Amino acid sequence: MSQDIDLYDYRPITEREPLSWPEGKRVAFYVGLNIEHFYVDLPGTATYEGTTSLTPDSLNHGWRDYGPRVGIWRQIKLLDKHGVKASALLNSDVAARYPQIIEAGVQRGWSWLGHGASNSHLFTGLERDVEQEQIRDVLRTIEQATGAKPRGWMGPGLIETFNTPELLAAEGVEYVLDWTNDDQPYPTNVPGLLSLPYSVELNDIGVFVSKGLTGPDFVQMVKDQVDQLAEDAADGSGRVMALALHPFVTGQAFRTRYLDEALEYVVRHPAVWTTTSDAIADHYLAVTGQAGASDPRS
């Protein structure tokens with residue numbers, strides 16, 4: 001028997017109260033920087049499917065492992081150049097394995113979101129009590145490593161169980177990115193839990209790995225996205241633009257110039273508020289008067 005979604009209600013964007021961003025900006029922009037750990041004996045995101053059944057799959061694992069070793073440091077340099085604080089989607093297993101990345105993010109005041117323990121272990125088929133303990137462990141580990149308990153969450157692979165939203169809210173998580181179905185934040189039917197926009201389309205894995213598009217294609221997509229969202233928001237109701245990045249994809253040397261060009265266009269766009277997912281959630285709660293609102297932070 002089929003089961004329909006009851007996490008959120010249908011409310012078209014044409015029937016909502018206007019949503020304002022600071023200083024009259026039309027588009028709130030954040031970078032979702034995926035900082036992940038993959039195990040060598042388990043499958044993961046692949047650039048070549050032909051070896052994914054092998055253990056170890058040195059071809060694909062090495063490609064992924066380029067991210068924390070090299071790629072992320074190029075991305076950090078570009079984010080610094082353009083004044084962007086990352087919204088770090090963090091596997092908790094990263095904390096013990098790549099502490100230099102954690103230190104770099106803490107120094108820069110990144111927002112930290114829970115992203116499971118690793119991207120080799122998805123949230124599928126878990127009993128409720130087992131999932132609850134895993135969520136607690138992820139949040140606790142990240143808080144110990146960064147000094148900040150995550151306020152946001154994205155499941156590994158954007159995967160949840162039917163219990164995940166309630167379990168997250170019970171642990172104090174305020175928003176999720178898994179449901180990529182809107183250009184604005186919205187309240188879910190779980191008290192205290194928002195859904196914030198994220199993207200599987202404006203996502204470097206989708207662009208370069210799944211679709212096989214080019215650097216110039218990526219830049220044009222980013223430009224078209226922000227321009228259209230700004231036009232959509234001309235009615236006085238702001239939009240959110242999320243740019244999803246992975247260090248082993250846009251951290252590659254030959255793609256650096258295109259990420260640089262894309263960020264340059266967005267952050268200089270007159271309609272854009274460059275911010276973090278935490279600050280977007282704060283501002284949305286404040287202007288909509290919902291419980292749990294706090295002062296907006298940039």
Side-chain angles (χ1 to χ4, degrees), residues 4-32 84-89 109-114 135 139 143 148-155 158 160 163-199 225-226 228-243 266 269-298:
D4 210 347
I5 188 70
D6 59 6
L7 177 64
Y8 49 81
D9 300 323
Y10 173 64
R11 189 180 183 191
I13 201 165
T14 54
E15 297 179 6
R16 304 175 195 169
E17 293 296 319
L19 175 62
S20 63
W21 298 128
E23 300 178 359
K25 299 295 186 180
R26 296 182 180 183
V27 180
F29 169 66
Y30 79 92
V31 169
V84 178
K85 290 183 180 180
S87 297
L89 315 177
W110 290 354
S111 291
W112 302 98
L113 291 80
I135 289 172
L139 297 175
E143 183 176 14
K149 185 177 181 180
R151 300 172 54 211
W153 179 273
M154 189 179 79
L158 288 87
E160 297 185 356
N163 294 320
T164 305
E166 289 185 358
L167 295 176
L168 290 172
E171 299 302 322
V173 173
E174 300 171 31
Y175 65 90
V176 294
L177 305 182
D178 295 329
W179 303 89
T180 59
N181 58 1
D182 216 298
D183 287 333
Q184 293 180 334
Y186 62 84
T188 71
N189 291 327
V190 175
L193 189 69
L194 298 176
S195 176
L196 257 63
Y198 185 71
S199 181
Q225 181 85 349
V226 69
Q228 184 60 52
L229 290 175
E231 181 178 330
D232 292 344
D235 62 359
S237 194
R239 293 339 194 237
V240 174
M241 176 175 170
L243 180 61
V266 176
H269 198 292
V272 166
W273 171 39
T274 300
T275 186
T276 65
S277 54
D278 278 3
I280 291 170
D282 279 337
H283 190 84
Y284 177 83
L285 290 169
V287 300
T288 59
Q290 295 191 41
S294 57
D295 291 336
R297 289 176 288 178
S298 58

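Here, residue 1 is the first one in the sequence, and each next residue gets the next number. What you are looking at is a predicted structure, and each value in this text was computed from that prediction instead of being measured. We use all heavy atoms of the structure for the numbers below, so side chains are in, but hydrogens, waters and symmetry mates are not.
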(request) Evaluate side chain to side chain contact (heavy atoms under 4.5 Å, CB included) for Trp273 paired with His283, printing each intermediate quantity in order. (result) CA-CA 12 Å; Trp273 171 39; His283 190 84; 4.1 Å; yes
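- Distance alone, capped at 3.5 Å, places no donor-acceptor pair between the Ser87 side chain and the Gly32 backbone.
- No donor-acceptor distance shorter than 3.5 angstrom exists from the side chain of Asp183 to the backbone of Arg239, with no hydrogens or angles considered.
- In this structure, the side chains of Leu194 and Leu285 come closer than 4.5 Å at one or more pairs of heavy atoms.
- Counting only distance, with no hydrogens or angles, the side chain of Thr275 and the backbone of Ala28 share no donor-acceptor pair below 3.5 Å.
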(request) In sequence, state the C-alpha distance, the side-chain angles, and the governing distance for Met241 and Val272, and then conclude on side chain to side chain contact (heavy atoms under 4.5 Å, CB included). (result) CA-CA 9 Å; Met241 176 175 170; Val272 166; over 6 Å; no
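- Side-chain atoms of Ser199 and Thr180, non-hydrogen and from C-beta on, never get closer than 4.5 Å to each other.
- What you find for Val173 and Pro150 is that their closest heavy atoms are CG2-O, 4.3 Å.
- Ring-plane geometry between Tyr8 and Trp179 is classed as perpendicular, the angle between the planes exceeding 60 degrees on a 0 to 90 degree scale with a lower cut at 30.
- At distances below 3.5 Å, at least one donor-acceptor pair connects side-chain atoms of Asn189 with backbone N or O atoms of Asp6.
- Using a 4.5 Å cut-off on side-chain heavy atoms (C-beta onward), Leu196 and Val240 make no contact.
- Across all their heavy atoms, Pro185 and Leu19 have their closest contact at CD-CD2, 4.1 Å.
- Contact annotation: the side chain of Asp282 approaches that of Arg151 to within less than 4.5 Å [non-hydrogen atoms, C-beta and beyond].
- Under the salt bridge (charged side-chain N to carboxylate O under 4.0 Å, His left out) criterion, no residue pair touches residues 22-31, with sequence neighbours excluded.
- A pairwise comparison of heavy atoms in Val27 and Trp21 identifies N-CD1, 3.9 Å as the closest pair.
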(request) Before giving the answer on side chain to side chain contact (heavy atoms under 4.5 Å, CB included), spell out for Ile280 and Tyr30 the whole-Å C-alpha distance, their side-chain angles and the decisive distance to 0.1 Å. (result) CA-CA 9 Å; Ile280 291 170; Tyr30 79 92; 3.6 Å; yes
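- The line from CD of Glu166 to CG of Leu193 is 10.0 Å long, rounded to the nearest 0.5 Å.
- Tested against Trp153 for a side-chain contact (heavy atoms from CB on, under 4.5 Å), the candidates Ile135, Leu177, Leu113 yield a single pass: Ile135.
- Smallest separation of non-hydrogen atoms from Pro18 and Ser237: CA-OG, 3.7 Å.
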(request) Check step by step if side chain to side chain contact (heavy atoms under 4.5 Å, CB included) holds for Asn181 and Tyr186. (result) CA-CA 10 Å; Asn181 58 1; Tyr186 62 84; 3.0 Å; yes
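- Here Asp182 pairs with Arg16 in a salt bridge; the nearest charged N to carboxylate O distance falls below 4.0 Å.
- Put simply, the side chain of Gln184 gets close to the backbone of Gly238: a donor and an acceptor are under 3.5 Å apart.
- Taking both residues in full, the closest heavy atoms of Ser20 and Val287 are given as OG-CG1, 4.2 Å, listed atom of the first, atom of the second, then distance.
- In this structure, the side chains of Tyr175 and Ser277 come closer than 4.5 Å at one or more pairs of heavy atoms.
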